[in-house]
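Below, read A as the first sequence line, B as the second, and so on, with proteins coming before strands; counting in each chain starts at 1.
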Amino acid sequence: MRVKLGEVLLATGFVGLMVTLYLAFNWAPSVNIEAFESPEAQRIFYWHVPAAWAAFIAFAVLFIGSAMWMFKRSPTGWKLHVAGSEAGLACGLMAVWSGCVWGAAEWGTPWDWEDYRLNTFGLLTLLALFLVLGRQSQPDGVESRDTFSTFGLYGFVLVPLTYVATRIWVIRHPGPVIAGDEDSSISGDMALVLMIGALSFTILIIGHILTSMEITKFEQRLERLQKQLDGE
Amino acid sequence: MDDITYLSIAYLGMIFGIAIWTWTVVSRSRILERRITAMEDSLNIDSKPIDSIAATNDADEE
């Protein structure tokens with residue numbers, strides 16, 4: 001069986017995540033124990049931030065795909081929409097789950113309903129869940145694609161809102177450590193592990209998007225073959 | 001349960017989740033490809049990868 005680029009990227013990204021995990025536990029420096037309730041739980045940051053970053057990439061792909069379908073009726077656009085929503089759901093759940101784990105250890109509660117960042121990101125993940133489940137429960141057609149693409153287009157508004165949420169409304173979620181204000185910084189070793197994590201998640205998400213687009217292509221071919229068999 | 005044990009369980013859960021997700025995607029792709037090849041071979045059909053919904057929509061607009 002020939003080796004596919006998507007599968008190679010998935011495997012590479014997965015190995016990168018293992019390396020990130022190892023470095024996060026064994027190599028990354030500990031944080032100031034005075035500054036945190038649960039200093040060791042902070043190590044989940046090397047997973048949480050890259051997962052959220054990958055989710056933003058997936059939501060951007062979802063937006064581009066939705067726009068291509070809505071305005072150009074592009075088959076590639078629809079494949080991007082499908083791949084973006086699935087990848088966005090997976091990475092969104094990773095970010096939400098890791099955030100809840102850290103919140104439970106550090107804040108004493110896994111979720112804060114008053115924090116803007118948490119809730120806008122949670123809504124984005126729910127949007128991806130709606131698109132994935134909705135597509136599976138509806139027959140494929142122009143109307144259903146238009147409806148899901150509209151959600152993909154308007155839902156993207158939540159991405160910049162989520163991005164600026166910790167810059168404007170600092171409630172409970174920590175502020176940005178990179179590209180934030182002049183007080184935001186992390187040590188070189190921490191930044192390196194974070195970068196390896198972000199790179200690994202990016203490779204994994206690109207691999208997933210390519211493989212998912214291929215699956216959509218196969219499903220369409222199969223449907224077409226079935227129609228030929230049925231004599232339509 | 002100490003911090004590191006708690007964190008290890010959380011990390012392992014996520015790695016396990018990603019591994020299952022990755023495996024599901026790859027195996028779904030391979031199964032579909034095998035089914036298509038088998039159908040095309042047995043029926044002597046060479047189907048081109050066309051999105052029938054987009055094609056139908058284009059035809060309707062014309």
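- More than 12 heavy atoms of other residues, nucleotides or ligands sit less than 6.0 Å from atom CZ of F25(A).
- For the atom pair CZ (R35(B)) and CG (L222(A)), the distance works out to 4.5 Å, reported to the nearest 0.5 Å.
- Contacts between L21(A) and chain B at a heavy-atom distance below 4.5 Å involve the side chain alone, from C-beta outward.
- Once rounded to the nearest 0.5 Å, the distance linking CZ of R221(A) with OG1 of T37(B) reads 7.0 Å.
- Residues I215(A) and V25(B) come closest through the heavy atom pair CD1-O, 3.4 Å.
- Neither the backbone nor the side chain of A51(A) comes within contact range of chain B; no heavy atom of the residue lies under 4.5 Å from a heavy atom of that chain.
- Minimum interatomic distance between M94(A) and G17(B) (heavy atoms only, all atoms of both residues): CE-C, 4.2 Å.
- Residues A87(A) and W21(B) come closest through the heavy atom pair CA-CZ2, 4.4 Å.
- Listed here is the closest heavy atom pair of F218(A) and I36(B): O-CD1, 3.2 Å.
- Distance check: K217(A) NZ to S29(B) OG gives 9.0 Å after rounding to the nearest 0.5 Å.
- Between K4(A) and E33(B) there is a salt bridge, since a side-chain N of the basic residue sits under 4.0 Å from a carboxylate O of the acidic one.
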Evaluate the side-chain contact (heavy atoms from CB on, under 4.5 Å) criterion for residues F201(A) and I18(B): first the C-alpha distance (whole Å), next the side-chain angles of each, then the deciding distance (0.1 Å), finally the verdict.
CA-CA 11 Å; F201(A) 257 105; I18(B) 281 208; 3.9 Å; yes
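- Interatomic distance, T211(A) OG1 to R30(B) CZ, rounded to the nearest 0.5 Å: 10.0 Å.
- Only the side chain of L204(A) comes within contact range of chain B, with heavy atoms under 4.5 Å apart.
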Walk me through it: do I15(B) and M18(A) pass the test side-chain contact (heavy atoms from CB on, under 4.5 Å)?
CA-CA 8 Å; I15(B) 282 281; M18(A) 292 295 183; 3.4 Å; yes
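- With a 4.5 Å cut-off on non-hydrogen atoms, T216(A) does not touch chain B at all.
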